[in-house]
There are 2 protein chains.
Amino acid sequence: MATNPYPRTRRGAERREQILRAAEAMIGTQGFSAASIADITRHAKTALGTFYIYFSSKEDVFRELVLEMGQLTRAMVTQAVADAPNRLEAERAGLKAFLRFVAERPSLYRIVEEARFIDVEAYKAYFTTFAKAYAAQLREAEAAGELRPGDAEVRAWALMGIAKTLGERYVLWDETADIDHVVNEAYSMIRDGIAP
Amino acid sequence: MATNPYPRTRRGAERREQILRAAEAMIGTQGFSAASIADITRHAKTALGTFYIYFSSKEDVFRELVLEMGQLTRAMVTQAVADAPNRLEAERAGLKAFLRFVAERPSLYRIVEEARFIDVEAYKAYFTTFAKAYAAQLREAEAAGELRPGDAEVRAWALMGIAKTLGERYVLWDETADIDHVVNEAYSMIRDGIAP
DNA sequence: ATAAAACATGAATACTGATTCATATTTCAA
DNA sequence: TTGAAATATGAATCAGTATTCATGTTTTAT
């Protein structure tokens with residue numbers, strides 16, 4: 001159930017990584033149940049049994065992928081937002097970066113969403129961790145007078161909901177969508193609302 | 001693969017409905033793969049084989065549940081929004097009604113979300129159908145001067161994203177959340193944005 | 001160089017659960 | 001009332017695949 005000890009040799013580390021990437025590709029495209037361990041090891045060019053040297057179960061790799069996605073997403077957004085001049089611009093930059101990320105790693109994105117049905121704890125942790133940091137940022141910005149007062153937590157979840165759904169609709173489903181346009185429209189709504 | 005012909009007798013119609021409700025309960029709580037046909041028929045108090053008189057596969061009941069959820073959601077929101085004095089109030093009423101609905105039928109809600117991994121077409125149809133109607137409403141309201149001009153389609157998806165995510169966070173995950181507060185905060189953001 | 005520790009292999013195991021089917025029972029139109 | 005059509009039953013079939021394991025091979029520390 002728990003992750004196996006980390007490999008001691010260079011070869012081991014490489015194999016583990018190969019298998020992890022193969023799992024990302026297979027589970028990310030076919031889904032958790034459709035992707036078999038055999039698929040994964042075939043794609044990783046290793047023997048079936050090798051899988052169990054590095055992971056103790058299918059759920060185990062899956063969990064690791066969700067964790068990985070969490071780190072990647074947070075690092076990426078933090079970076080993308082780093083030099084925004086203010087919170088509103090940070091919102092625009094963050095949304096844009098997120099949509100780009102979904103375009104680059106659609107498999108990882110799908111895996112996080114499927115986590116809801118495979119490993120709820122990992123799923124909740126992913127979003128809750130993100131939401132906490134997000135809400136804290138919003139609170140700071142509000143204190144600095146950069147935002148209209150409001151419940152930072154509710155806002156954080158609402159904003160994550162926008163990003164998730166736009167990512168699914170305009171990135172995963174639609175190869176040809178004009179991402180900049182989508183970002184601008186969403187940003188305008190986030191900034192000023194829809195009231196006339 | 002296709003749905004079996006509709007039952008010809010009263011008894012048949014009742015059995016079918018029993019099985020459908022049992023499938024909702026089992027799949028909605030345990031998830032698609034964890035819920036077995038045996039679970040479903042046990043819960044419906046019928047024999048295992050009876051399932052296949054009314055449905056041709058597990059995917060088949062699942063698809064029907066997604067369709068059903070689509071009809072229910074649309075009917076419910078339409079009704080809830082019917083006598084709002086203007087579009088902005090309709091937004092508030094729609095969001096509130098949706099969250100209530102999630103609280104009442106958490107299983108159906110979970111099923112729709114899982115459809116993404118079981119029957120993508122049904123999943124896309126659910127949201128696309130909803131989004132089309134939603135965007136049309138927004139366009140009308142904009143034409144009537146009730147909304148600031150903007151891309152109605154992007155707005156519709158963004159607003160659905162807010163509803164989905166708040167439903168998950170504050171209804172499914174949190175028994176004690178103050179729904180009215182959440183609705184008010186989200187509504188305020190939707191109406192006026194977060195800019196100071 | 002060499003033995004212990006790591007790692008690699010894939011056939012065999014073990015189990016789950018969807019779907020089928022031959023055999024009753026119930027319903028309903030004529 | 002009656003027999004053809006519908007419906008009900010659950011044991012048996014059948015397929016898929018996660019996980020284990022006994023047997024090699026490679027790496028590393030000394």
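So that the names make sense, note that chain A is the first sequence line, chain B the second, and so on, each numbered from 1. Keep in mind that this is a model prediction, so the values were computed, not measured.
Counting heavy atoms of neighbouring residues, nucleotides and ligands inside a 6.0 Å radius, atom CZ of B:R8 does not exceed 12 of them. More than 12 non-hydrogen atoms from other residues, nucleotides or ligands lie less than 6.0 angstrom from CD of A:Q30.
An OP1 or OP2 oxygen of D:dT9 is reached within less than 4.0 angstrom by a side-chain nitrogen or oxygen of B:T50. In terms of phosphate contacts, A:Y54 brings a side-chain nitrogen or oxygen within less than 4.0 Å of OP1 or OP2 of C:dA8. B:R8 has a side-chain polar atom (N or O) that falls below the 4.0 Å cut-off from OP1 or OP2 of D:dA6.
Going from atom CZ of B:R42 over to atom P of D:dT9 covers 14 Å, rounded to whole Å. Protein atom CD1 of B:I19 is 8 Å distant from nucleotide atom P of D:dA8, rounded to whole Å. Going from atom CZ of B:R11 over to atom P of C:dT26 covers 8 Å, rounded to whole Å. Whole-Å rounding puts the B:F51 CZ to D:dT7 P distance at 16 Å. Here the P atom of nucleotide C:dT16 and the CD1 atom of B:I40 are 18 Å apart, to the nearest Å. Nucleotide D:dT7 holds its P atom 13 Å from the CZ atom of B:F55, rounded to whole Å. Across the protein-nucleic acid pair, B:Y52 atom OH and C:dG17 atom P stand 12 Å apart, rounded to whole Å. If you take CD1 of A:I37 and P of D:dT19, they are 6 Å apart, rounded to a whole angstrom.
In the set D:dT26, C:dT27, C:dT9, C:dT9 carries the atom at the smallest distance from any side-chain atom of A:R15. Residue B:S57 places its side chain closer to C:dT19 than to any other of C:dT19, C:dA8, D:dT19. Closest to the A:T9 side chain, of the nucleotides C:dG10, C:dT9, C:dA6, is C:dA6. The side chain of A:L48 lies closest to D:dT19 when the candidates are D:dA11, C:dC7, D:dT19. Listed candidates were C:dT9, C:dA8, C:dT26. Nearest to the side chain of A:A47 is C:dT9.
Ranked by how close their nearest DNA chain C nucleotide is to the 5' end, B:G49 and A:A13 are led by A:A13.
Side-chain atoms of A:R110 and B:F117, non-hydrogen and from C-beta on, do get closer than 4.5 Å to each other.
Between A:F127 and A:W157, the two ring planes are tilted [angle within 30° to 60°].
Between the CG atom of B:N86 and the CD atom of B:E91 there is a distance of 10.0 Å, given to the nearest 0.5 Å.
Counting non-hydrogen atoms under 4.0 angstrom, B:A35 reaches the backbone sugars and phosphates but no base.
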